[in-house]
Amino acid sequence: MNSLVTKCLFLLVMTLIIKTLLLPNSVSIRVFQNDEFKPGNARMKFLEVPQIVWGLNNQKIAFARACLTARMLNRSLLMPSLSASLFYKEIDRLEPISFDKVFDFERFNSLCDGFVRVSQYSDIGNRSNLLKVQKGSGRRWTVERDLDQLKEFSKQDYDVYETIRIMGKNPFLWHDHWPVSDYAKVFECLVLVDEISKDANEVVSKIREFGSEMKQDRLYRTPYVAIHMRIEKDWMIHCKKLEQRSNVSNICSSKEEIIARVANIRVLKPPTILYLAVANELLEDDTILNGWKEGMHPFDKKRLGLTEFYNNHSYLIQAAIDYEVCLKADVFVGNSYSTFSSLLVLERTQKIIKTGVSHACGNNVRWPSYAYNIEGESGDPPLWMTNLSDSSLHAISYGSNSISC
Ligand SMILES: *[C@@H]1O[C@H](CO)[C@@H](O)[C@H](O)[C@H]1NC(C)=O
Ligand SMILES: *[C@@H]1O[C@H](CO)[C@@H](O)[C@H](O)[C@H]1NC(C)=O
Ligand SMILES: *[C@@H]1O[C@H](CO)[C@@H](O)[C@H](O)[C@H]1NC(C)=O
Ligand SMILES: *[C@@H]1O[C@H](CO)[C@@H](O)[C@H](O)[C@H]1NC(C)=O
Ligand SMILES: *[C@@H]1O[C@H](CO)[C@@H](O)[C@H](O)[C@H]1NC(C)=O
């Protein structure tokens, strides 16, 4: 009896001891395993960047640059704030808007899977495990030094920091280290959220409606030409300065010059609808609908009856809708020095390449684009496509008249 009780007691004590010894271990193993399958696991690391600002396409470039920086650091980009309003200096009026209010977050990650990734702030496991990194600035902060800094922070020593937060300038002003094709890959993953693309489709159908009223041949759909008219006052001041500084004369185009060049595009047979993409409120000249060649029917937002429709949206969304309408146009005519025009031509070039055409400079190409600020041989604007093998985004977007045709 006695021995049995002792044995039982002994077993009980042993069980307790073993349990106490094993419990913390088994708990921590389970916690660790659970963590592994959560987005906020110890192995996922993040990059945080300052709010993204300025025009729609500067914001797109800045966003892509932040993604490519994160890719280089083997980190996921924490979903940045974009800016809904177009302000350059008044920082308190930038109206931050979350990335996923404009672009489809899930689509982005599924289209860009394996290349770059955007994460939610809720994915962060430990918000104090943060390293703040100041980007250098000034003349002495060269492209090489910037690249060296990125290489340094890609080292494994920094893996202990869950988040690296880059401080200072907005990503648009960072040095650039990536080829055009890398940017193009990121742009391809940017799909507008449903509400915005629905609104863009509404504008396109409105334009098509006007087109079908004036068509003469039932089989022939009236093409619409989108013209990005960079003639607003702010641009005119900027481009005149740029012309002086870079000693070239083909950056600024007046309304009259644009009208004359568009009239000379040989492939356009009347009737044609012209959609004039222009920021009405920045325009001093409200006569842009006058003077176009016969058979070319110009429409701006007002004439489409969409002023109120547009005014219902913030600057950023209006620009995103306009961008979409220009992207879908049968023909696009823009200014080779404008970022808005340049990114459009880049996306239209990608669209053409996907159909199996590698050189889009022929006269029978679908979705052609033209640069109105450059004079072609017979007074027409030359065809324009993006050289996707170019090594720098600068060469194909802002401050360049290279049109690769
Ligand atoms: C990049 O990070 C992932 C996990 O986030 C890790 O599995 C991989 O080994 C890392 N690659 C390099 C080259 O550090
Ligand atoms: C969070 O990170 C900080 C800084 O690395 C560290 O001191 C702290 O212990 C971490 N907290 C947890 C719960 O891991
Ligand atoms: C500007 O360009 C013109 C011809 O394109 C040239 O004759 C002139 O010397 C240039 N001026 C400067 C300051 O480079
Ligand atoms: C403006 O937005 C409101 C609310 O979203 C909507 O009810 C209204 O129809 C919109 N107006 C126009 C002209 O689109
Ligand atoms: C495209 O860019 C590459 C690299 O800069 C260059 O070698 C090539 O000649 C360019 N092609 C055209 C058509 O401009």
Side-chain angles (χ1 to χ4, degrees), residues 203-232 235-236 239 249-280 282-307 322 325-338 340-341 344-345 348 360-385 401 403 405:
V203 179
V204 172
S205 14
K206 199 89 185 202
I207 296 170
R208 294 262 184 233
E209 238 171 71
F210 279 105
S212 62
E213 279 169 20
M214 56 188 64
K215 76 179 168 183
Q216 291 152 350
D217 179 342
R218 230 158 33 92
L219 293 173
Y220 177 77
R221 184 168 77 162
T222 311
Y224 87 86
V225 182
I227 307 174
H228 176 222
M229 295 183 73
R230 264 318 235 147
I231 52 172
E232 300 95 343
W235 167 259
M236 281 314 197
C239 75
S249 57
N250 61 9
I251 303 179
C252 309
S253 287
S254 63
K255 184 185 82 178
E256 289 71 26
E257 192 171 278
I258 299 172
I259 289 176
R261 298 250 160 97
V262 170
N264 287 333
I265 298 178
R266 272 160 295 166
V267 298
L268 292 181
K269 306 272 181 286
T272 331
I273 295 267
L274 307 179
Y275 173 66
L276 310 181
V278 60
N280 283 354
L282 290 175
L283 199 65
E284 290 188 323
D285 175 3
D286 55 4
T287 61
I288 52 162
L289 294 176
N290 306 336
W292 297 89
K293 186 177 162 182
E294 207 181 320
M296 292 186 166
H297 305 277
F299 285 84
D300 61 358
K301 298 177 180 69
K302 202 151 130 199
R303 189 158 176 209
L304 286 172
L306 294 174
T307 314
D322 250 4
V325 175
C326 292
L327 193 60
K328 292 189 166 146
D330 302 294
V331 176
F332 173 72
V333 194
N335 186 315
S336 69
Y337 282 89
S338 143
F340 186 96
S341 291
L344 266 164
V345 174
R348 289 172 68 92
C361 297
N363 262 334
N364 46 8
V365 74
R366 213 178 150 193
W367 304 305
S369 304
Y370 298 86
Y372 61 65
N373 59 309
I374 298 172
E375 184 166 16
E377 276 155 23
S378 31
D380 53 341
L383 272 160
W384 175 15
M385 73 172 286
N401 61 4
I403 48 166
C405 279

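The figures here come from the full heavy-atom set of this structure, side chains too, leaving out hydrogens, waters and symmetry mates. No experiment lies behind these values; they were computed from the predicted model shown.
Closest approach of K255 to I231, counting heavy atoms only: N-CG2, 4.1 Å. For the pair S253 and I258, the tightest heavy-atom approach, listed with the atom from each and the gap, is CB-CG1, 3.9 Å. For the pair P223 and T272, the tightest heavy-atom approach, listed with the atom from each and the gap, is O-CG2, 3.6 Å.
Among residues two or more places apart in sequence or in another chain, the salt bridge (charged side-chain N to carboxylate O under 4.0 Å, His left out) test is passed with E257 by R261. Contacts of D380 classified as side chain to side chain donor-acceptor pair (under 3.5 Å), with partners at least two apart in sequence or in another chain: R266. The ring pair (Phe, Tyr, Trp, His ring centres under 6.0 Å) test applied to F340 returns H228, Y323, not counting sequence neighbours. R303 is linked by a salt bridge (charged side-chain N to carboxylate O under 4.0 Å, His left out) to nothing, counting only residues two or more places apart in sequence or in another chain. For W235, the ring pair (Phe, Tyr, Trp, His ring centres under 6.0 Å) criterion is met by H238, not counting sequence neighbours. When the side chain to side chain donor-acceptor pair (under 3.5 Å) test is applied to K328, the partners found at least two apart in sequence or on another chain are N201.
Using modelled atom types, one side-chain atom of K301 and one backbone atom of V278 make a donor-acceptor pair closer than 3.5 Å. Side-chain N or O atoms of N264 include none that pairs as donor or acceptor with a backbone N or O of P381 at under 3.5 Å. Side-chain N or O atoms of R230 include none that pairs as donor or acceptor with a backbone N or O of G334 at under 3.5 Å. Checking side-chain atoms of Y275 against main-chain N and O of D322 turns up no donor-acceptor pair under 3.5 Å. Counting only distance, with no hydrogens or angles, the side chain of N373 and the backbone of S336 share a donor-acceptor pair below 3.5 Å.
Counting heavy atoms from C-beta outward, Y370 and L268 have side chains that stay 4.5 Å or more apart. Residues M385 and R348 are not in side-chain contact: their nearest non-hydrogen atoms beyond the backbone lie 4.5 Å or more apart. A heavy-atom distance below 4.5 Å is not found between the side chains of Y372 and I265. Residues I403 and L383 are not in side-chain contact: their nearest non-hydrogen atoms beyond the backbone lie 4.5 Å or more apart. Considering only heavy atoms from C-beta on, V262 comes within 4.5 Å of M296 through its side chain. Between V225 and F332 there is no side-chain heavy-atom pair separated by less than 4.5 Å. Using a 4.5 Å cut-off on side-chain heavy atoms (C-beta onward), Y224 and L274 make no contact. Residues K293 and I259 are not in side-chain contact: their nearest non-hydrogen atoms beyond the backbone lie 4.5 Å or more apart.
The CZ atom of F299 sits 12.5 Å away from the CD1 atom of I227 when rounded to the nearest 0.5 Å. Taken from CG in L304 to CD1 in I207, the straight-line distance is 5.5 Å, to the nearest 0.5 Å. Between the CE atom in M229 and the CG atom in D300 there is a gap of 10.0 Å [rounded to 0.5 Å]. To the nearest 0.5 Å, the span separating CG on L276 from CD1 on I288 amounts to 5.0 Å. Taken to the nearest 0.5 Å, the CG atom of L327 stands 9.0 Å off from the OG atom of S369.
In the model, S341 has no side-chain atom that pairs as donor or acceptor with a side-chain atom of N335 under 3.5 Å.
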(request) Take Y337 and N250 through the test side-chain contact (heavy atoms from CB on, under 4.5 Å) and record every step on the way to the result. (result) CA-CA 9 Å; Y337 282 89; N250 61 9; 3.7 Å; yes

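Between R366 and D330, none of the side-chain N atoms (NZ, or NE/NH1/NH2) sits under 4.0 Å from a carboxylate O, so this pair counts as no salt bridge.
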